[in-house]
Amino acid sequence: MPQTSGTTGASSDEPQRFRRGDRLKKRYEFRQAQLRGRRIHTPHFLIVVLPNALQNTRLGITVTKKVGTAVERNRIKRVVREVFRRNRTLFPGGHDFVFIAKRGSTDVGYDSLLSELQRAARKLQPEAAR
């Protein structure tokens, strides 16, 4: 079993799965978030945040063919899912997050994405909590 790095990973008693309920699956869910959500720019991603009526936080990932080959696009999606799965505390509950990959994001790794999100953590929080 892979070990989590000291402070960035979730504790072992917390569930770390990426379940079906944690995903945005339908086109209208992505469209609603992109039309009505708040946009946050990071070096490799445009993150769209929209409150939802559910208790859980959901994740959607969009990577177009302009970003890279299929292998590179799938790798980007795996890295984003892994950061989301292991660092739930960075993402406020009851929100939908859509990650839209920018060009040049093919070289993003777990550590670089995690530090990118930690720098943007204040912007990820809901408006009332700031």
Does the side chain of Arg31 come within less than 4.5 Å of Lys26's, by heavy atoms?
-> no
If you look at every heavy atom in Gly68 and Thr106, which pair is closest and at what distance?
-> CA-CG2, 4.4 Å
Do Leu50 and Gln32 come close enough that some side-chain heavy atom pair is under 4.5 Å?
-> yes
Considering only NZ, NE, NH1 and NH2 on the basic side and carboxylate oxygens on the acidic side, decide whether Asp22 and Arg88 come within less than 4.0 Å.
-> yes
Student check: side-chain heavy atoms of Thr62 and Phe99 closer than 4.5 Å = no
Could you walk me through whether Lys77 and Val80 pass the side chain to side chain contact (heavy atoms under 4.5 Å, CB included) check?
-> CA-CA 5 Å; Lys77 290 186 271 188; Val80 171; 5.9 Å; no
Considering all heavy atoms, the nearest Asn52-Asn56 contact | ND2-O, 3.4 Å
Between the CD atom in Glu72 and the OG atom in Ser105, the distance rounded to the nearest 0.5 Å is 9.0 Å
Between CG on residue Leu113 and CG on residue Asn87, distance to nearest 0.5 Å = 9.0 Å
For the atom pair NE2 (His95) and CZ (Arg38), what is the distance rounded to the nearest 0.5 Å?
-> 7.0 Å
Is any side-chain heavy atom of Ile61 closer than 4.5 Å to a side-chain heavy atom of Leu59?
-> yes
Atom CD1 in Ile47, atom CD1 in Ile100: separation rounded to 0.5 Å?
-> 10.0 Å
Heavy-atom check, side chain of Val48 versus side chain of Asp96, under 4.5 Å = no
Joint cluster assignment, Phe30 & Ile76, ILVMFWY side-chain distance < 4.5 Å = no
Non-hydrogen side-chain atoms of Pro92 and Phe97 separated by less than 4.5 Å | yes
Give a yes or no on whether a salt bridge exists between Glu82 and Arg85, defined as a side-chain N under 4.0 angstrom from a carboxylate O.
-> yes
Side-chain heavy-atom pair Arg58, Glu29 within 4.5 angstrom cut-off | yes
Is Arg78 close to Arg75 at the side-chain level, that is, under 4.5 Å between some pair of heavy atoms?
-> yes
Please answer: with hydrophobic residues joined when any side-chain heavy atoms are less than 4.5 Å apart, are Val83 and Leu24 in the same cluster?
-> no
Side-chain donor or acceptor of Lys102 paired with backbone N/O of Thr42 under 3.5 Å = yes
Flag yes if more than 12 heavy atoms outside Lys25 fall under 6.0 Å of its NZ atom; otherwise flag no.
-> yes
Linking I/L/V/M/F/W/Y whenever any side-chain heavy atoms sit under 4.5 Å apart, do Val49 and Phe45 land together?
-> yes
What closest approach, in Å, do Arg39 and Gln34 show between heavy atoms, and which atom pair accounts for it?
-> NH2-O, 3.0 Å
Determine, using the 4.5 Å side-chain heavy-atom cutoff (strictly less than), whether Leu46 and Leu117 are members of one ILVMFWY cluster.
-> no
Considering all heavy atoms of both residues, which atom of Leu90 and which atom of Ala121 are nearest to each other, and what is their separation?
-> CD2-CB, 4.2 Å
Treating Ile, Leu, Val, Met, Phe, Trp and Tyr as nodes and any side-chain heavy-atom pair under 4.5 angstrom as an edge, say whether Ile40 and Phe84 lie in one connected cluster.
-> yes
